[in-house]
A.B. asks: 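First the structure, then my questions, so here it is.
Residue numbers begin at 1 in each chain, while the letters A, B, ... track the order of the sequences. Everything numeric here is computed off the predicted structure, so don't read it as measured data.
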Amino acid sequence: MRLQIFDADYTTSEGLEVKLFGKNSEGVYKIKDTNFKPYFYAIPDNDVTKLIEDIEDKDFETEDGEKLEIVEFQKTERKDGQKKIEAVKIFADIPADISKLKNALWSLESVEECREFDIPFYRRYLIDKNIRPGSWVEIEGVEKNSGDFKKVIELEEIKAVDNDEKLNWNSLAFDLEVIDEKVVMASFYSEDFQKVLSIKQTKQDFVEKVENQEELLKRFIEIVEENNTDILLGYNTDEFDFDILRETADQTGVKLNLGRNGERMKFNRRGRFKGARIKARMHLDIYPFVTHVLAPGLDSETLDLDSVAEEMIGLNKDELEWGEMKQIWRNDGDLEKFAKYALKDSEITYKLGEQTTPQIMEMSKITGLIPFDTCRLTYGQLTENYLLREAYSRNILANNRPSQKKRRNRDQEQAYAGGFVYTPEEGLYENVAVFDFRSLYPTVMVSHNISPDTLNLEECSDRFELEEFDYDFCQDQQGFFPELVEDLVSSRYKLKKEMKNYCEESQEFKNIYNRQQAQKILANSFYGYLGYGGARWYSRESAEATTYLGREYIKDAIQIAEEMGFEMTYGDTDSVMLRKDDLEEHLDEFLDAVNSELPDFMELEFEGLFKRGFFTSKESGEGAKKKYALIDDENNLKITGFEQVRRDWSPIAKDTQEKVLQKVLENDIDAAVEEVKDTIKALKSREVDVEKLKIYTTLTKPPEEYANTAPHVEAAKKAKEKGEEIKPESTVDYVITRRGKSISEKAKLTKYAETYDSDYYVDNQVIPVALRVLKVFGYTEDELKGKGRQSGLGQF
DNA sequence: CTTGACCGGGG
DNA sequence: GTGTACGGTCAAG
C-alpha cells in the first residue's frame, strides 16, 4: 500500500510501539511498528575492545540504583566530520532509558564521549527509515482491526517511493471569541463548511446557538470529527485558543477528545512555547511559522493576523475594535456584526492556510519533520533537522547539542564582523541601478569549501588560508555544508527553470514554487546556523570567514564599478547601487566585468532600475546606513528603515513621513514641506482626529507590577484610579495630553484624554520624522514650524 | 556602554 | 518525553 505519513508518535504501554499515521485516497491509516529499537553511540577513548569488554562485563545502573539493560550493541564505523572513527551502537529497551544509559556509559574510562542520544525517538525513526512527511511511502504489513481508522496495520516493511499522485487534505480553520474569560463564539471555515457556534442567538443561518460552554465544547469536538479534519488551522491557537479551550474543558468536565483515535489534546512543552498536539490530525498554528520562517520575507512590521493576511493574500479582518466587541456582547448590541467578524477571522485563517500549508508540507518533505514540528520550529531547528537527515545518509555522526555552559560561552564570544555597508552621501539621486549577488553567503561557502569539517584539518594537501585569521579550510574534499548548499542551489536552479513552463496560476507552478522556496530558505539558513550558539555544527570560524569573503567580493565589485566610471551610491552586504550617464547602456558591461572575476558558482545579478533614490544622514551629518527610499518608473515606493515602516510611532507621524518621502521622490520638495506645515497647522488648531494620535502598547501584567515607568503603564494606572478595569494582557491606546510634566505623566488612555499636547505631537513625532527627510534639503525645525525664513536653500 | 526588563500573537 | 529552545528594543544604571 502507498500512503503519505503525516504524524508520528510512540507508546510503551504494551511494549515499544512506533505509531505512524498516514493517508492515501482511500482514507487514513494507523501503522504500528514494534521492530525499531532506540539507540545511541559510544565513542571509545582509544581502544574499542576495552569498551566492548566493559559493555559485556559491567552492570549499569542509574544514580538512584535503577538497573539498566543494554539489549544489544554493534561495533560500527562512522564518520566524525571527514574522519573515520569506530563507534559502538548501543540499543536500549525504551527511549527513556537512552539518556540514563548514556550517562552511565559516558562515565566509563573506556568511553571518550556519547553521540546522538538526544534525538526524539519518533524523529529518529523517521530519519532512519527515510520517511518524509509529504512524500510517499510503500508499506507492507498485516491488517488488524479497524476502529477509528480505515485500517490498522502491523508494519513489516516501509520504504520511500516516488509518486506524483496529489493528496487532498481536509483543512478546517477555527477561531474563538472570548469575552470575560468565557468562550462566546467559535467559528469554523473550510471550502464547504462554515459555521459559528454562539452562546447568543443571531438571525444568520451560519450561526448555531449553543446553551453553554459545555455544549460549545462538545459541538466543537463533533465538528472537527464530522469534517474528517486532517489539518486544523489557527492563528496563535497554541498560546491562546487551546489554552482557553483546555481551561473551559477543565471547568466543565468535558474531555477534549480531539484526536482521531479519540485521544485528548495535549500540550507539548517546548522551551517557552507550547504546542497543542492532536493525535492523527495536524494542528497547524500558522503564527509560529510566520514568526520563525516567513517574517524575514515580509514587509509588515507586526505579525498579527490582519497585517499578515493583508500582505500575503490581500485580505483583511472585519473592522471591529476590542472595546466595541465587549460593548456589543455585554449589551446585546449588533450581534450579527460580531458573528460575521468571527466567521471572517476563520475565513482569512483558512485562506492563509491555503497558502502556508503547502509551504509547510514542502519544508516537511525536505527536513523530514512532521508538519506539526515544521510549523513551530525556528530556522535554526529546521536547518538542524535537515542536517541530521543528511548526516545520517552520509554515515556522519551528528555533533551533540551544546551544554548550557558551552552555549553561554559561545554567545559571549566577541561578535565577528558582518556584511559591508557603504556609507552613502545624503541626497536625492536620479537614475539608480541596483545589483546584487545571487545568494552571496551560500555561494561563498561553496566556492571556498567553507565548512566545519574542512576547518583546520590535520592532514590536508591544499589549504585555503585566510591571512586575517589563523585558520584554514581544506580543499581536498568537498565539505558537508558546501555539498548540501551546492545540491540545494543546483536543484533550485533546475526547479526555477521548470517553473517557467507553467502559468503562475497553475497548481504545478505553485508546487514547484513552494519547493524551490523551501530550498532557498534552507540554503540561506546555513550561514546563520554556523554562527548560532545553539547549533550542533556551530563553527564560528566558518561563519566569520563567510562574511569576511562576502565583504571582499562586494568591495571588489565596488572597485570595478568605480574604475568603470560609475558613481557608487550605496551598498549593503550583497548589493550595490550605482549611477552613471547613459546608465542603461553600461549595465551588462559592468555585470560582465564583475562576473568574469568571480568563482564559477558566484554571480552578480541586475536587480532593477530606479528613477530616483533618497538617502538621509545621521545627527552627525554622516550618511545614514540602512535608511533609504527608492521610486521606480511606475512610482512604486520602496522604503527601508524609516520610522514610517516602524510600529512605535503615532499614525500622524508615520503618515506624514510617507507623504513627505513620496513628494521628495517625485522631486517636489516644496510640496513635501507643505505636507509638514499643513500637518503642524492641523495639530495646532486641534483639527486632528484622535485616532491619528493614538499610540498602542500591550500591558502584560497589572500596571502596578511594572518596575519602570513607561507612558502606557502610567496611562493605565491613571485609568485604574478612575475605576477603570485594567486587565493584564490588554492592549491600551493612549494619547499624550497637556497635563503633566514628563511624557509618562501626560499619557492618558484615549478615552480619558480631553486634550492633546499638540507640542508633543509636533516636536516629538511629526517634526523628527519629517526632518529625517527634509534636513537633507537644508530645512530646519524652525523653518518647518514656519518660524524661520526659508533662506539658504539655494543648493537645491 | 552595559544590563535587565519587556514584548510578541490572541480576545 | 532520547525533553525544557528567542531575539530585538528600550530605559535605567
A.B. asks: Side chain of Asp304(A) only, please: which of dG3(C), dG10(B), dA5(C) is the nearest?
C.D. replies: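 Closest of the options to the side chain of Asp304(A): dG10(B).
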A.B. asks: Is Asp243(A) touching bases, backbone alone, or none of the nucleic acid, heavy atoms closer than 4.0 Å?
C.D. replies: nothing
A.B. asks: Counting just side-chain N and O atoms, does Lys317(A) come under 4.0 Å of either OP1 or OP2 of dG11(B)?
C.D. replies: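 True: Lys317(A) side-chain N/O within range (under 4.0 Å) of dG11(B) OP1/OP2.
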A.B. asks: Please identify each residue that fulfils side-chain contact (heavy atoms from CB on, under 4.5 Å) with Lys746(A), with sequence neighbours left out.
C.D. replies: Ile736(A), Thr737(A), Asp757(A)
A.B. asks: Rounded to whole Å, please give me the gap between CG in Asp373(A) and P in dG1(C).
C.D. replies: 9 Å
A.B. asks: Can you tell me, in whole Å, how much space there is between the P of dG9(B) and that of dT9(C)?
C.D. replies: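 The same atom, P, in both gives a distance of 14 Å.
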A.B. asks: Going by the rule ring pair (Phe, Tyr, Trp, His ring centres under 6.0 Å), which residues pair with Phe338(A) if we only count those two or more places apart in sequence or in a different chain?
C.D. replies: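 Phe338(A) satisfies ring pair (Phe, Tyr, Trp, His ring centres under 6.0 Å) with Trp329(A) only.
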A.B. asks: Scan Leu377(A) against the nucleic acid and name what it touches under 4.0 Å (heavy atoms): base, sugar-phosphate only, or nothing.
C.D. replies: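 Since no nucleic acid heavy atom lies under 4.0 Å of Leu377(A), the category is nothing.
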A.B. asks: Write down the distance between CG (Leu245(A)) and C1' (dG11(B)), rounded to a whole number of angstrom.
C.D. replies: 13 Å
A.B. asks: What I want to find out is whether Lys351(A) reaches Glu347(A) closely enough, with some N-O distance under 4.0 Å, to be called a salt bridge.
C.D. replies: yes
A.B. asks: Phosphate oxygens OP1/OP2 of dT4(C): is one of them under 4.0 Å from a side-chain N or O of Gln404(A)?
C.D. replies: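 Negative; the distance criterion is not met.
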A.B. asks: Contact class for Asp238(A) (heavy atom, under 4.0 Å): base, sugar-phosphate, or nothing?
C.D. replies: nothing
A.B. asks: For Tyr287(A) and dG11(B), give me the distance from atom OH to atom P, rounded to whole Å.
C.D. replies: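 Nearest whole value for this atom pair: 13 Å.
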A.B. asks: What integer number of Å spans the P atoms of dG1(C) and dC6(C)?
C.D. replies: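 Roughly 16 Å separates the two P atoms.
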A.B. asks: Once you apply a heavy-atom cut-off of 4.0 Å, does Ile179(A) come out as touching a base, just sugar-phosphate, or nothing?
C.D. replies: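 Nothing: the residue Ile179(A), judged by heavy atoms under 4.0 Å, touches no strand.
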A.B. asks: Using the P atom on both, measure dA5(C) against dC10(C) and round to a whole Å.
C.D. replies: 27 Å
A.B. asks: How many Å lie between CZ on Arg124(A) and P on dG1(C), as a whole number?
C.D. replies: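 To the nearest whole Å, that distance equals 17 Å.
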A.B. asks: Any side-chain N or O of Asn236(A) under 4.0 Å from OP1/OP2 of dG8(B)?
C.D. replies: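 For Asn236(A), the contact criterion (side-chain N or O under 4.0 Å from OP1 or OP2 of dG8(B)) is not met.
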A.B. asks: Please pick, from dG11(B), dG3(C), dG10(B), the nucleotide with the shortest atom-to-atom distance to any side-chain atom of Tyr235(A).
C.D. replies: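 Nearest to the side-chain atoms of Tyr235(A), counting from C-beta on, is dG10(B).
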A.B. asks: From the set dG9(B), dG11(B), dA5(C), return the single nucleotide nearest to any side-chain atom of Leu303(A).
C.D. replies: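 Closest of the options to the side chain of Leu303(A): dG9(B).
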A.B. asks: Within the 4.0 Å heavy-atom criterion, would you say Tyr10(A) contacts the bases, only the backbone, or no part of the nucleic acid?
C.D. replies: sugar-phosphate
A.B. asks: Quickly work out the Lys626(A) NZ to dT9(C) C1' distance and round it to whole Å.
C.D. replies: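 Distance check: Lys626(A) NZ to dT9(C) C1' gives 17 Å.
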A.B. asks: Atom CZ of Arg277(A) to atom C1' of dT4(C): distance rounded to whole Å?
C.D. replies: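 Going from Arg277(A) (CZ) to dT4(C) (C1'), I get 17 Å.
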A.B. asks: Expressed in angstrom and rounded to an integer, what is the separation of Asp411(A) atom CG from dA5(C) atom P?
C.D. replies: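 Computing the Asp411(A):CG to dA5(C):P distance gives 12 Å.
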A.B. asks: Got a second to check how far Glu413(A)'s CD is from Asn409(A)'s CG, nearest 0.5 Å?
C.D. replies: 8.0 Å
A.B. asks: Using a strict cut-off of less than 4.0 Å between a Lys/Arg side-chain nitrogen and an Asp/Glu carboxylate oxygen, indicate whether Glu72(A) and Lys37(A) qualify as a salt bridge.
C.D. replies: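 Salt bridge flag = no for Lys37(A) with Glu72(A).
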A.B. asks: Which listed nucleotide (dG3(C), dG11(B), dG1(C)) is nearest to the side chain of Asp118(A)?
C.D. replies: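 The answer is dG3(C), which lies nearest to the side chain.
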A.B. asks: Need one value for Asp345(A): base, sugar-phosphate or nothing, where a base atom within 4.0 Å counts as base even if backbone is also close, heavy atoms only.
C.D. replies: sugar-phosphate
A.B. asks: Taking the side chain from Glu239(A) and the backbone from Phe273(A), do they hold a donor-acceptor pair closer than 3.5 Å?
C.D. replies: no
A.B. asks: Can you tell whether the side chains of Asp285(A) and Arg376(A) come within less than 4.0 Å, N to carboxylate O?
C.D. replies: no
A.B. asks: From C-beta outward on Gln381(A), which listed nucleotide comes closest to its side chain: dA5(C), dG3(C), dG10(B)?
C.D. replies: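 Minimum distance to the Gln381(A) side chain belongs to dA5(C).
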A.B. asks: With sugar-phosphate meaning primed atoms plus P, OP1 and OP2, does Glu324(A) contact a base, only sugar-phosphate, or nothing at under 4.0 Å between heavy atoms?
C.D. replies: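 Nothing, no heavy atom under 4.0 Å.
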A.B. asks: Could you check how far CD of Glu239(A) sits from C1' of dC6(C), rounded to whole Å?
C.D. replies: 13 Å
A.B. asks: Tell me which nucleotide among dG3(C), dA5(C), dG11(B) gets nearest to the side chain of Tyr341(A).
C.D. replies: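 Per side-chain heavy atoms of Tyr341(A), the pick is dG11(B).
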A.B. asks: Counting the atoms with a prime plus P, OP1 and OP2 as sugar-phosphate, which does Phe121(A) contact under 4.0 Å by heavy atoms, base, sugar-phosphate, or nothing?
C.D. replies: base
A.B. asks: Would you classify Ile244(A) as touching base, sugar-phosphate or nothing, given that sugar-phosphate means primed atoms plus P, OP1 and OP2, and contacts are heavy atoms under 4.0 Å?
C.D. replies: nothing
A.B. asks: From the set dG7(C), dG10(B), dG11(B), return the single nucleotide nearest to any side-chain atom of Glu177(A).
C.D. replies: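 Selected nucleotide (nearest to the side chain): dG11(B).
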